[in-house]
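Here is the structure we will look at, set down as structure tokens.
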Amino acid sequence: VFGKDITLILILNNLSFDHKTVKVDISASTILYTRRTVAEILQATTSVDLGSKQGKHIQLKIPYSYYGKYLTTDKRIQVTALCEVMNMHGVKLLVEKTIILEDTNIIIKIPRRVVVNKAVTLEISYANPLPEPVNSCVLLVTLMNQQVKIQLAGLAPRERSRIYFEFTPRKTGPLQLQVDFSCDKFSHVKGFVTIAVAPA
């Protein structure tokens with residue numbers, strides 16, 4: 001989840017009866033959805049001894065402090081592990097994983113029944129998932145082809161807050177509401193719901 005430390009586990013298994021030493025070069029970078037690298041955030045090298053038919057786990061931790069300021073709105077991190085079996089020339093294995101960090105910031109609560117031409121109040125809650133305060137918070141609400149920009153107070157670390165938003169639907173059928181939350185530390189965290197508007 002965005003704002004939290006990331007823990008990964010690499011599992012190495014020796015399928016032979018021979019003892020093996022494996023050198024592992026691990027790197028992690030923030031990337032765009034096109035897989036273009038933005039910034040390298042971690043590099044580590046370790047060596048693992050594997051006995052006959054033995055398996056071992058390597059745990060890798062990427063703290064938020066490493067990736068936070070380099071993350072783009074795509075919220076993607078690419079981790080690669082190049083595993084080289086020592087004393088066996090040319091035996092290498094590349095493991096790659098792309099992590100897409102989830103947002104749990106926006107929660108939109110709508111009443112059970114929404115009726116045309118009758119005012120309705122929605123609850124929109126938003127959060128700061130980071131271990132540091134955020135400021136310059138803005139909520140952009142898009143509804144019925146109109147956008148409303150709401151300036152919000154800053155949030156303390158891990159704080160959640162809420163606002164109430166009132167509108168009157170003018171026609172029956174499905175209505176889509178989109179919410180976009182931005183601040184000085186991250187931007188364009190989105191949430192949306194489809195509201196079923198019933199006849200009067």
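Computed from a predicted structure; not experimentally measured.
- For Lys53 (side chain) and Leu15 (main-chain N/O), a donor-acceptor pair under 3.5 Å exists by modelled atom type.
- Residues Thr98 and Arg76 have side chains that never bring a donor and an acceptor to within less than 3.5 angstrom of each other.
- The backbone N or O of Ala198 sits nowhere less than 3.5 Å from a side-chain atom of Thr172 that would complete a donor-acceptor pair.
- Using modelled atom types, one finds a donor on one side chain and an acceptor on the other under 3.5 Å when comparing Ser27 with Thr80.
- Shown here are the ring pair (Phe, Tyr, Trp, His ring centres under 6.0 Å) partners of Tyr126, two or more places apart in sequence or in another chain: Phe181.
- Salt-bridge formation is detected for the pair Arg35/Glu96: a Lys NZ or Arg NE/NH1/NH2 atom is positioned less than 4.0 Å from an Asp or Glu carboxylate oxygen.
- Judged purely by atom type and a 3.5 angstrom limit, Ser182 uses its side chain to pair as donor or acceptor with the backbone of His188.
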So Val79 and Ile6, side chain to side chain contact (heavy atoms under 4.5 Å, CB included) or not? Walk me through it. CA-CA 11 Å; Val79 181; Ile6 300 164; over 6 Å; no

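- Remark: the backbone N or O of Ala200 is not paired with any side-chain donor or acceptor of Lys118 at under 3.5 angstrom.
- Taking both residues in full, the closest heavy atoms of Thr121 and Tyr164 are given as CG2-CB, 4.0 Å, listed atom of the first, atom of the second, then distance.
- Judged purely by atom type and a 3.5 angstrom limit, Ser29 has no side-chain atom pairing as donor or acceptor with the backbone of Ile31.
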side-chain hydrogen bond (donor to acceptor under 3.5 Å, both in side chains) between Thr7 and Asp5: does it pass, once the steps are laid out? CA-CA 7 Å; Thr7 302; Asp5 294 348; over 6 Å; no

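- Of the possible polar contacts, one joining the Lys185 side chain to the Pro133 backbone as a donor-acceptor pair under 3.5 Å is found.
- Here the straight-line distance linking atom NZ of Lys4 with atom CD1 of Ile62 works out to 16.0 Å at 0.5 Å rounding.
- Inter-residue side-chain proximity for Leu155 and Leu130 is flagged as unmet; no heavy-atom pair is nearer than 4.5 Å.
- Note: Ile108 CD1 to Ile110 CD1 = 8.5 Å, rounded to the nearest 0.5 Å.
- Using modelled atom types, one finds a donor on one side chain and an acceptor on the other under 3.5 Å when comparing Glu132 with Tyr64.
- Between Pro63 and Lys61, the closest heavy-atom pair is CD-O, 3.5 Å.
- Within the 3.5 Å criterion, the main-chain N or O of Lys190 finds no donor-acceptor partner in the side chain of Asp180.
- Asp184 places a side-chain N or O within donor-acceptor distance of the main-chain N or O of Asn135, the cut-off being under 3.5 Å.
- Not a single side-chain hydrogen bond (donor to acceptor under 3.5 Å, both in side chains) links Thr168 to another residue, sequence neighbours left out.
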